[in-house]
Amino acid sequence: MTPDTTPSLPLESTINHGDITWNPSEEFKKTTNLWHFMQWTLEHRGIELKTYRDVLKWSVDDTSGFWDAVRRFYGVIGEGFGDTERALANEQMPGAVWYPDAKINFTENVLKYAQDPEQRDELALLNITEDGTQTRFSWAELENNVAQLAQLLKDRGVQPGDRVAAYLPNIPEALIGLLAAASIGAVWTINSPDLSAQATLDRFKQLEPKVLFGVYSYQFNGKIIDRSAQLKEIADEIPSVTTRLLVPTLDPENSVELADSVLSYRAVPSGGVVQEEPLAPATPNYERVPFAHPLWVLFSSGTTGKPKGIVHGHGGMVLESLKGPGLNHDMRRGDLYYVAANTSWMVWNTLVNNLITGASVVTYAGSPMAGRVDHQFKIIAETGATMFATGAAYLSLVEKSGLVPGAEYDLSKMRSILSTGSPLPDSTWAWVHTNVRPDVHLGSDSGGTDICSGFLGSNPLEPVRLGELQGPQLAVAVEAWDDSGRRVFNDVGDMIITRPMPSMPVFFWGDEDGQKYRDAYFEKFPGVWTHGDWISELPSGGFIVHGRSDATLNRQGVRLGSADIYSAMQHIPEVTDSLVIGVEEADGGYYMPLFVVLRDGQTTEKGKVSEELSDRIKTTIRSRTSARHVPDEIIAVPGVPTTHAGKRTEVPVKKLFAGHDPERAINRGSLQNPETIDWFVARANAYRERKINNAGQKD
């Protein structure tokens, strides 16, 4: 995408909720993938589509026809599709059947660009380290590394359906490992090495993998993090593993060696290396498997129980990747996608989802804040990334730092930012346009590990309004429902999906009768998908996401979104993080405390929030939300417990205050900062003791 096609929108000094922050010109719209797709549907299907809402309505009304059009438009490689223009053989949920006779391979569709004489020598993968060192792989070099590693796996006895597990950071070997495993029909799964050994075993042991990739260490924020002891524990506890592949990095001085023999494997542009010897040349070969054949297993966060293995299929992820990154995010050849994703988070998988569109990707295993908090914008400038995907929390953190990335770095090639993980506060949204880049297409998207894609989010044909998600992604039949199953507008309701999507899980691992799957999404409203988010559908066609429904506050019979409180907290510079919960009390009362992490020097002698700051927090929340949102108590905490995807653990903390056993209320291994939970356990115990004593005094 060349800079002169990016729409420019001059912004006023003050941007308010609902104001347009990005508006595509007619000239820009005609350069997009989606516009070309609309012209294709007119020529090949006789369907005239003039606006995004036209395409959305058709994709929802004729889900089967839409998805087959996506397949044909992008030239998906496979067999057994026949002459049908229908993608769905059975539309029921759960149990939708897509292309029952088709065979396909995810990697073959990703690496088809290596067969294009004009594209094979162009950049496919760029790795960058904390010190700025770059390693570049062309499409041909990426294909060569994948083919060599796939041959190595086959030589070690890996067959279709076998599992390949990885304990790796976001490095080229992880991405190449995924593509190599998928190319032979093996099933991939990955965990970040910052996850504990036990948390990793809770996931990997379910799958009984045949191959284990791992690292002894990785670099983060200038330090070498030793994980050799954890890797040895993982390897020793999984008897199904017959091949261990160690990716050499900066090894620590006192690493714990694996007891059994391992192969040292690393990827370089010239070809894979094993034990410092180049691998033999290999011819790319792709095992075409049934459309729903397992591609990878992603795991739920596991904060309150054993992590669930969510299985996605080859065909579903091919189609969803072409539609999401390809049509909704307008990614294509010439684009460079950057996200500093932890490999335990589904956002890491979006690297290959973007590759399949012909775009290039950046891998980065370092700290997002190496050296200074806006380090990621430095990476964007150095790599020339055109799309930046990140968590809303990171953007808010840079906002509070007072830094101005747009003045510090050349961000002229960055045309879009995808914010996800949690709702984006209005103040941060406005800050991006005033301090990063005025004309950037900033979209707040909402999806999930469950579908490894998005439900609500960006599109290139409509304006963006501050504080609103632009609308449903194509072919996502999303509605807000009240508890009676009635669709509601301008009100808070359950996020409901009424038509099947190809990337809905094939099944949960080990869920033989499918009961856990049905309970997860189809128990509340049979026949439709209930995702577990509270949303509001607006007259503009946009949406607001209020947070998880199981963490929603319910005060005086009114549902309140925790995201609204977090948004208000962005206006309190002394607060670096926060968490709010609501606890139903036995006497009919409702306790709603707000826990805040304060900058140094902002607490009283006893570690409490000062009266002045407490009053200012309450006033800010009241003025920016409502009186009902004002917490009963504001409590300073040493830290907020978060998952490895950076999400607040509201539900487990709420369970602690409701009296649940701490060992069952929260899985410490699922947290990236497990030490923070001890404070909440102690505080919850004190709260319950106080309630018991008060009740006794009344008696």
Side-chain angles (χ1 to χ4, degrees), residues 24 28-42 44-45 47-76 85-88 91 93 96 98-99 312 315-332 350 353-354 356-357 359 387 416 418 420 441 443-448 450-464 468-479 495-504 528-529 531 535 537 540-543 545:
F28 173 80
K29 293 178 185 179
K30 293 176 181 178
T31 69
T32 64
N33 293 330
L34 185 51
W35 184 271
H36 296 311
F37 176 72
M38 292 158 66
Q39 307 315 303
W40 185 94
T41 58
L42 178 60
H44 294 272
R45 297 289 175 85
I47 300 173
E48 186 174 14
L49 305 167
K50 295 182 178 180
T51 68
Y52 182 79
R53 297 293 155 164
D54 288 344
V55 188
L56 177 62
K57 185 178 187 304
W58 171 56
S59 68
V60 168
D61 290 347
D62 185 8
T63 300
S64 187
F66 167 80
W67 282 111
D68 190 70
V70 171
R71 175 184 71 85
R72 292 174 182 269
F73 175 72
Y74 275 104
V76 170
E85 293 185 353
R86 316 301 300 169
L88 273 165
E91 286 201 32
M93 287 195 295
W98 303 82
Y99 294 115
H312 296 118
M317 286 316 308
V318 166
L319 291 183
E320 195 70 54
S321 301
L322 293 171
K323 184 269 297 186
L327 297 181
N328 274 95
H329 296 153
D330 198 35
M331 296 296 286
R332 69 188 75 184
T350 64
N353 292 353
N354 277 273
I356 205 170
T357 70
M387 182 175 188
S416 59
L418 169 63
T420 189
H441 183 181
S444 179
D445 282 37
S446 178
D450 318 75
I451 59 166
C452 198
S453 185
F455 294 114
L456 299 167
S458 307
N459 77 73
L461 303 185
E462 294 186 316
V464 177
E468 299 179 11
L469 284 72
Q470 282 180 272
Q473 290 207 355
L474 294 175
V476 184
V478 60
E479 298 176 359
M495 179 192 285
I496 303 297
I497 314 300
T498 64
R499 304 295 295 274
M501 298 171 61
S503 67
M504 286 175 173
V528 298
W529 175 291
H531 188 61
I535 61 172
E537 186 172 358
S540 65
F543 282 78
V545 177

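Computed from a prediction, not measured in an experiment: that's the story for all the values here.
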For Tyr74 and Leu319: C-alpha separation, side-chain torsions, deciding distance, then whether side chain to side chain contact (heavy atoms under 4.5 Å, CB included) applies.
CA-CA 9 Å; Tyr74 275 104; Leu319 291 183; over 6 Å; no

Enter the distance from Glu48:CD to Leu42:CG here, rounded to the nearest 0.5 Å.
6.0 Å

Taken to the nearest 0.5 Å, the spacing of Ser458 OG from His329 NE2 works out to 4.5 Å

Look at the aromatic rings of Phe455 and Trp529 and report parallel, tilted or perpendicular, splitting at 30° and 60°.
tilted

Less than 4.5 Å apart, any side-chain heavy atom of Pro472 and any of Leu56?
yes

Are any non-hydrogen side-chain atoms of Ser503 and Ser453 less than 4.5 angstrom apart?
yes

Please tell me whether Ser540 and Glu468 have a donor and an acceptor in their side chains that are separated by less than 3.5 angstrom.
yes

Strictly below 4.0 Å, N to O, side chains only: are Glu85 and Arg72 in salt-bridge contact?
no

If we only count heavy atoms from C-beta on, is the Asp445 to Leu469 side-chain gap below 4.5 Å?
no

Taking His44 for its side chain and Phe73 for its backbone only, find out whether a donor-acceptor pair lies under 3.5 Å.
no

Pair Lys50 + Asp54: basic N to acidic O under 4.0 Å
no

Shortest non-hydrogen pair, Met93 vs Ile497, comes out as CE-O, 3.3 Å

Side-chain heavy-atom pair Val478, Glu537 within 4.5 angstrom cut-off
no

Non-hydrogen atoms of Val476 and Lys323 that approach each other most closely
CG2-NZ, 4.0 Å

Cut-off 3.5 Å, side chains only: do Asn353 and Glu320 have a donor facing an acceptor?
no

Of all the heavy-atom pairs spanning Ser59 and Ala475, show the shortest one and how long it is.
OG-N, 2.8 Å

Roughly how far, to the nearest 0.5 Å, is the NZ atom of Lys29 from the OH atom of Tyr52?
13.0 Å

Side-chain contact, heavy-atom cut-off 4.5 Å: Lys30 with His36?
no

Hey, does the side chain of Asp330 reach the backbone of Asn33 with a donor-acceptor pair shorter than 3.5 angstrom?
yes

Within the structure provided, determine whether Thr51 and Leu461 are in side-chain contact (heavy-atom separation under 4.5 Å).
no

Would you call Asp68 and Arg45 a salt bridge, taking side-chain N to carboxylate O under 4.0 Å as the test?
yes

Given side chains that start at C-beta, do those of Gln473 and Ser446 come closer than 4.5 Å, heavy atoms only?
no

CZ (Phe66) and CZ (Arg71) are apart, to the nearest 0.5 Å, by 13.5 Å

Given the rule in the salt bridge (Lys or Arg N to Asp or Glu O under 4.0 Å) test, do Asp62 and Arg499 qualify, once you have shown the distances and angles that lead to the verdict?
CA-CA 10 Å; Asp62 185 8; Arg499 304 295 295 274; over 6 Å; no

Interatomic distance, Thr32 atom OG1 to Phe37 atom CZ [nearest 0.5 angstrom]
11.5 Å

Any chance you could measure Leu456, atom CG, to Phe543, atom CZ, to the nearest 0.5 Å?
5.5 Å

Donor-acceptor pair, side chain of Ser64 and main chain of Leu88, under 3.5 angstrom:
yes

